[in-house]
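Reading through the structure tokens given below for one structure.
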Amino acid sequence: MRVGILTGGGDCQGLNAAIAGAARSLMHEYNAEIIAIEEGFLGLIERRTRKLSLHDVNHILDKGGTVIGTCNRASPFNFKGQDVSGAVAEYYRELGLDGIIAMGGDGSMTLCYEMSKLGMNFVGVPKTIDNDIAETDRTFGFDSAVNVAAEAIDRLRTTAQSHKRVMILETMGRYAGWIALHAGVSGGADVILIPEFPYQLDEVVKAIEQQAAQQSYTIIVVAEGARPVDGQISIRKHNISDSPDPVRLGGIGNFLQQQLEACVDYEIRTTVLGHVQRGGSPSAYDRLIATNVGCYAAALVAAKNYGKMVTVHNNHLSSVPLEAVAHNVRGVPKDDMTLVSALAMGVCLGDPELKIPLETLHDDTLIMG
Ligand code: F6P
């Protein structure tokens, strides 16, 4: 067997563990030759590949980033204004690959699905700190990012206490608020604002006044994709050419600060956590998920079970057709257990319509996302 591996889209912690899992098990179990495609789909477009040895993938699982590079601006369907998908499919045939294990987010899974229509065999491995890929409960990178954000909240709390300030922490999370929600709950935030539930400013003001009466400071966590109920999402950059998702978000933290400064007298400071959330070593949990999904992807390739993405569902590994994942996002549902816990503890989510789903609670069927 000759198997390609690529990592596409934004990087995240755990990619090297997944590469190691896939490559080592393919070499060990199936005596396969492993071809690294450099910088994701860009390597397929620019014909940049190299053979990986066991030495190349041994002892990389603790490293952040990806040893084979990535790129989130390389769609074969729109590369510098050209459709080069035919040339990419031709290169794939020239390489003599049985298939490619593609590790990526929603954008990469969509590209895999579209490229598989041109005769290329893909097995997808979901990765993103955002944890928002459809059909899977968990993506590696998420746990590490949540740990970084939760630690940031701990650090903001002590200085917030000293100065009696309102502290806003802006996390990543473009279309889904998983990082903000999990970090916010595990860091004990007072207000958590996420894209799924546009916020009402007066709810946030009310929460600040309540906190002022009790503890003299407030911690607010806001996901970059959050927006006021009567306003727009905060976009930092429009029209990034060649990117499957051409916008980059940012700015909601500072925008919220301005909104609040017009309503309350307290001092407010904003911290934008940014790419710190994506860098550095993966947590042990992310290393484990990444290793398992990498090895599982290798088994799918060996079984010639292509056109699938590996999924984690109710603690089981399985796979779904790429078609089910393409053009889809998994947001935080109203009956998510962590969301319900936040509501139950009186954390402000900015949306007065959000209520604890009592029937679901009694049925004991709440999901921990
Ligand atoms: O999708 C992962 C992610 O980290 C998002 O949370 C964020 O909006 C985006 O990537 C940032 O992309 P870039 O690395 O291009 O700035």
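Ligands are counted one by one from 1 in listed order, and the atoms in each one are counted from 1 as well. These numbers come from the heavy atoms of this one structure, side chains and all, not from hydrogens, waters or symmetry mates.
Atoms of ligand 1 found under 4.0 Å from any heavy atom of N72 (numbered from 1 in listed order, with element): 15 (O). Taking every heavy atom of G173 and a limit of under 4.0 angstrom, the matching atoms of ligand 1 come to 6 (O). Remark: ligand 1 atoms within the under-4.0 Å shell around heavy atoms of R174 are 1 (O), 8 (O), 9 (C), 10 (O). Near E224, meaning under 4.0 Å from one of its heavy atoms, ligand 1 places the atoms 5 (C), 6 (O), 7 (C), 8 (O).
A donor-acceptor pair is defined here as one N or O able to donate and one able to accept, closer than 3.5 Å; no such pair exists between the side chain of N314 and the backbone of H316.
For R278 and D11, the salt-bridge test passes: some basic side-chain N is under 4.0 Å from an acidic carboxylate O. Ion pairing between a basic and an acidic side chain is recognised when a charged N comes within 4.0 Å of a carboxylate O; R236 and E224 show no such pairing.
Around atom 15 (O) of ligand 1, the closest heavy atom drawn from R236, M172, K127, R248 belongs to R248. Of the listed residues (D132, N131, I133, D130), the one carrying the non-hydrogen atom nearest atom 6 (O) of ligand 1 is D130.
Ligand 1 lies out of reach of L249, whose nearest heavy atom is not under 4.0 Å from it. Residue contacts with ligand 1 include H275, since one of its heavy atoms falls under 4.0 Å from the ligand.
Side-chain atoms of Y266 and T218 form no donor-acceptor pair, as typed in the model, at a separation below 3.5 Å.
The aromatic rings of W178 and F142 sit perpendicular, their planes meeting at an angle over 60°, well past the 30° parallel limit.
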Take E209 and K206 through the salt bridge (charged side-chain N to carboxylate O under 4.0 Å, His left out) test and state the conclusion after the steps. CA-CA 5 Å; E209 299 295 2; K206 213 161 54 182; over 6 Å; no

Check step by step if side-chain contact (heavy atoms from CB on, under 4.5 Å) holds for C12 and F140. CA-CA 8 Å; C12 72; F140 59 81; 3.9 Å; yes

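Residue contacts with ligand 1 for R278 involve side-chain atoms from C-beta outward but no N, CA, C or O (heavy atoms, distance under 4.0 Å).
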